[in-house]
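Notes for the one structure printed next.
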There are 2 protein chains.
Amino acid sequence: MEKSKATIHDISEALGIDSSTVSRALNDSSRVKGKTKKKIINKARELGYQRNSLASKLRTNKTNTIGVIVPRISRHFFSSVIAGIEEVAFNSNYDIIICQSLESVEREKKLIETLLSNRVDGILISISMESTNYDHFEAYKRQGYPIIFFDRPCNILENTNVIINDFQASFEATEHLIDIGCKDIVHFSGPQTLELYKKRRNGYMAALEKHGILVRKEYIIESHLMQEDGIESAKKILNLPKVDSVFSANDTAAISAMQYLKKKHINIPKDIAFVGFSNEPISVVITPSLTTIEQPDFKMGKEAFKLLFEQIENKTSQKENKTKIFSSKLIIRSSTKR
Amino acid sequence: MEKSKATIHDISEALGIDSSTVSRALNDSSRVKGKTKKKIINKARELGYQRNSLASKLRTNKTNTIGVIVPRISRHFFSSVIAGIEEVAFNSNYDIIICQSLESVEREKKLIETLLSNRVDGILISISMESTNYDHFEAYKRQGYPIIFFDRPCNILENTNVIINDFQASFEATEHLIDIGCKDIVHFSGPQTLELYKKRRNGYMAALEKHGILVRKEYIIESHLMQEDGIESAKKILNLPKVDSVFSANDTAAISAMQYLKKKHINIPKDIAFVGFSNEPISVVITPSLTTIEQPDFKMGKEAFKLLFEQIENKTSQKENKTKIFSSKLIIRSSTKR
DNA sequence: TTCTAAAATACAATCGATTGTATTTTATTT
DNA sequence: AAATAAAATACAATCGATTGTATTTTAGAA
């Protein structure tokens, strides 16, 4: 009984004014004039009226809502991107639904289904590590459904990605290690199913090649780059003939590896120097502080929303690839100071 | 054109079967038997049918969705609580909408309005620091709207909170400092509008009193406990006559204060010992590692959802206070080792 | 074969808001 | 006062799915 909310029809009845007029009044239409409008608004307040968005969205076939899917919300990079998205979305009068895939494709697919069944106007997504094929994305894309990928791009036709120049960033990071005199450089790499990690690995390899350093397969350690993977990778390092530095494709793995090695009395950066990726807040707090790559997270979020917004509003340009590449910045800290 | 999705009526027409039967078939009702059901399901797949949840929710007046509002998703404690909520929600076939208030009441109110207009079945919330009065919550509560508070409780009548024993935890934390020989203990406190911070402060004071230590007002430094507040508070410490330790009501402020003091060549824990609150991942990485209080975040999330679920399903017991208090655990690390 | 019960499916109203069109009211002009 | 235009408001269909009730079909019994 208490749950039954007042509707425009209750207001309509109470005032003897048609519900269409009530609707227009509440939407501030010019077709209802001041006096009537005021009466309606007052009555609405009196009855504790609150618009039923479900009905409204159903009727108008527009939700003014977008879905945002990230691997995990606790990652600083992602929460910052979300902050950027929210800022612009708020100004454009869009709501956002935040979801986390937890790196599982299955969950990712289910989330997309849910978002679509709720008829969000578009989706911003950073795909999960588990995603090995892009068929489902391709299907949405083909239907002309507005969807934009950020950070972790998706290489399908006519697709829009918002990314950084991962190759270049990794190249610079690796070159920085070479500059300080490193030769035996390990790379912590992520799943090669993700374009992102391929590019980071390629950047690493290109830097080695440029400086005439042999690329050794066993010096590229692939994992999911989670905390526990960092420890495993650190153990593997200790079994390699000679290692003087690590370029990790993310901070999380770098940091847990550093901690493991510190416990084993290995001096960082003297014995092994470290470069991470993403500039998680933790990287400045750890001792030694971690050299890493800063991404323009907030700006990426803003841009991603803007591009999605364009796709939503002018249905025309959906087929165009508008990939936007941001540049990142190497932040040099103690973990590479010799 | 492409945006116009297939509906049950399209399936109905294509097969010459009434839409009501189609609806039942897709909902796996026993009123439609195997052969018809199969035909319908196949056609649905063929047409790329996808249920319109908006219509369904509107009709049934049930969304199977709850809203979760936290101050910020990037806080480890909150993202862990959310993980707990999601786990149980998933099993109960509920969707969750994650929102962040960013500690702003205005935003918080707007979020609640949006959630309600989308007719979520209930709300889980950890209120913002800015919230000074609970009128709006009281209103929902009075309407019998299912809403449960976690971590940061809301003291209104017949309300359910999922919290830890903040008084006890703070008492123990402070006593631990006393145990290691501290006497001049500063407390970093949060806004006293929040019950939570009052309790933490009271726990601190009670411990001092128990051990015959005078409570000095100027030793209680109140702020929003953000990163920049930690630095400000650290500066204030340096102006106090004598300080041998700090009990901070959260890790964030403790950590930024520690970093500031380290730069000023103050030895932690020798000169000043530190205890934080929440066990953020960063607290174990910083040097020295931070003694802090671990909260059962994941379990709290699970419990919060369960209680909300009960309220949603048996409308009867909504008026009952079922506050659940979890116990926390002091984790002793280097920042208090002498 | 006819009748009856049960099984299967169809009909039609409904959820709450929106919106194109129609109608009524008001104001203006002659 | 009548005619007309403009302003204000009412009517009714619609969005897509659900569901109580009614009807038709099928199967089994007499």
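Labels below follow one simple rule: chain letters A, B, ... track the order of the sequence lines, proteins then strands, and each chain is numbered from 1.
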>> Testing the 3.5 Å rule here: is there a donor-acceptor pair between the side chains of Ser117(B) and Ser53(A)?
In response: yes

>> Return the OG to NE2 distance between Ser128(B) and His224(B), rounded to the nearest 0.5 Å.
In response: 9.0 Å

>> Side chain of Lys33(B), heavy atoms from C-beta onward: which of dG20(D), dG16(D), dA7(C) has the nearest atom to it?
In response: dA7(C)

> Any donor-acceptor pair under 3.5 Å between the side chain of Arg24(A) and the base of dT9(D)?
Replying inline: no

>> Could you tell me how far apart Lys57(A) (NZ) and dT14(D) (C1') are, to the nearest whole angstrom?
In response: 19 Å

> Does a donor on one side chain and an acceptor on the other come within less than 3.5 Å for Asp18(A) and Ser20(A)?
Replying inline: yes

>> Let's see if you can work this out: which of dC15(D), dT19(C), dC15(C) has an atom nearest to the side-chain heavy atoms of Leu58(A)?
In response: dC15(D)

> When you match Asn27(B) and Arg31(A) each to their closest nucleotide on DNA chain D, which lands nearer the 5' end?
Replying inline: Arg31(A)

>> In this structure, how many angstroms lie between the P atom of dC11(C) and the CD atom of Glu13(B), rounded?
In response: 13 Å

>> Judged by each residue's nearest nucleotide on DNA chain C, which is more toward the 5′ side, Thr60(A) or Ser30(B)?
In response: Ser30(B)

> Are any of the side-chain nitrogens in Asp28(B) or Lys37(B) under 4.0 Å away from the carboxylate oxygens of its partner?
Replying inline: yes

>> What's Val22(A) touching, base or sugar-phosphate or nothing? Going by heavy atoms closer than 4.0 Å.
In response: nothing

> Going through the checks in order, is the side-chain contact (heavy atoms from CB on, under 4.5 Å) test met by Lys324(A) and Lys306(A)?
Replying inline: CA-CA 11 Å; Lys324(A) 170 101 189 182; Lys306(A) 277 185 205 153; over 6 Å; no

> Between dA17(D), dA17(C), dA22(C), which nucleotide gets closest to the side-chain atoms of Ser23(A)?
Replying inline: dA17(C)

> Of the nucleotides dA22(D), dG20(C), dA17(C), which has the atom closest to the Ile8(A) side chain?
Replying inline: dA17(C)

> Considering only side-chain heavy atoms of Ile17(B), which listed nucleotide, dT9(C), dA17(D), dA10(C), is closest?
Replying inline: dA10(C)

> Just checking Ser20(A): base, sugar-phosphate only, or nothing, at a heavy-atom cut-off of under 4.0 Å?
Replying inline: base

> Roughly, in whole Å, what's the span from NE2 in His9(A) to P in dA17(C)?
Replying inline: 7 Å

>> So if I take every side-chain heavy atom of Thr36(A) and compare against dT19(C), dG16(C), dT9(D), which nucleotide ends up nearest?
In response: dT9(D)

> Which nucleotide in the set dT19(C), dA17(D), dA10(C) lies at the smallest distance from any side-chain heavy atom of Ala55(B)?
Replying inline: dA17(D)

> To the nearest Å, how far apart are Asp18(B) CG and dT24(D) C1'?
Replying inline: 13 Å

> dT19(C) P sits how many Å from Asn61(A) CG, rounded?
Replying inline: 11 Å

> Under 4.0 Å between a side-chain N/O of Thr21(A) and OP1 or OP2 of dA10(D), yes or no?
Replying inline: yes

> Would you call Glu46(B) and Lys43(B) a salt bridge, using N to O less than 4.0 angstrom?
Replying inline: yes

>> Any base atoms under 4.0 Å from Gly16(B), or only sugar-phosphate, or nothing? Heavy atoms, all strands.
In response: sugar-phosphate

>> Using whole Å, what does the distance between atom P of nucleotide dA8(D) and atom CD1 of Ile40(A) come to?
In response: 13 Å

> Heavy atoms under 4.0 Å, any strand shown: does Ser56(B) hit a base, just sugar-phosphate, or nothing?
Replying inline: sugar-phosphate

>> Whole angstroms only, please: what is the CG-P distance between Leu26(B) and dT19(D)?
In response: 13 Å

> Within this structure, what is the CZ-to-P distance between Arg119(A) and dC15(D), rounded to whole angstrom?
Replying inline: 14 Å

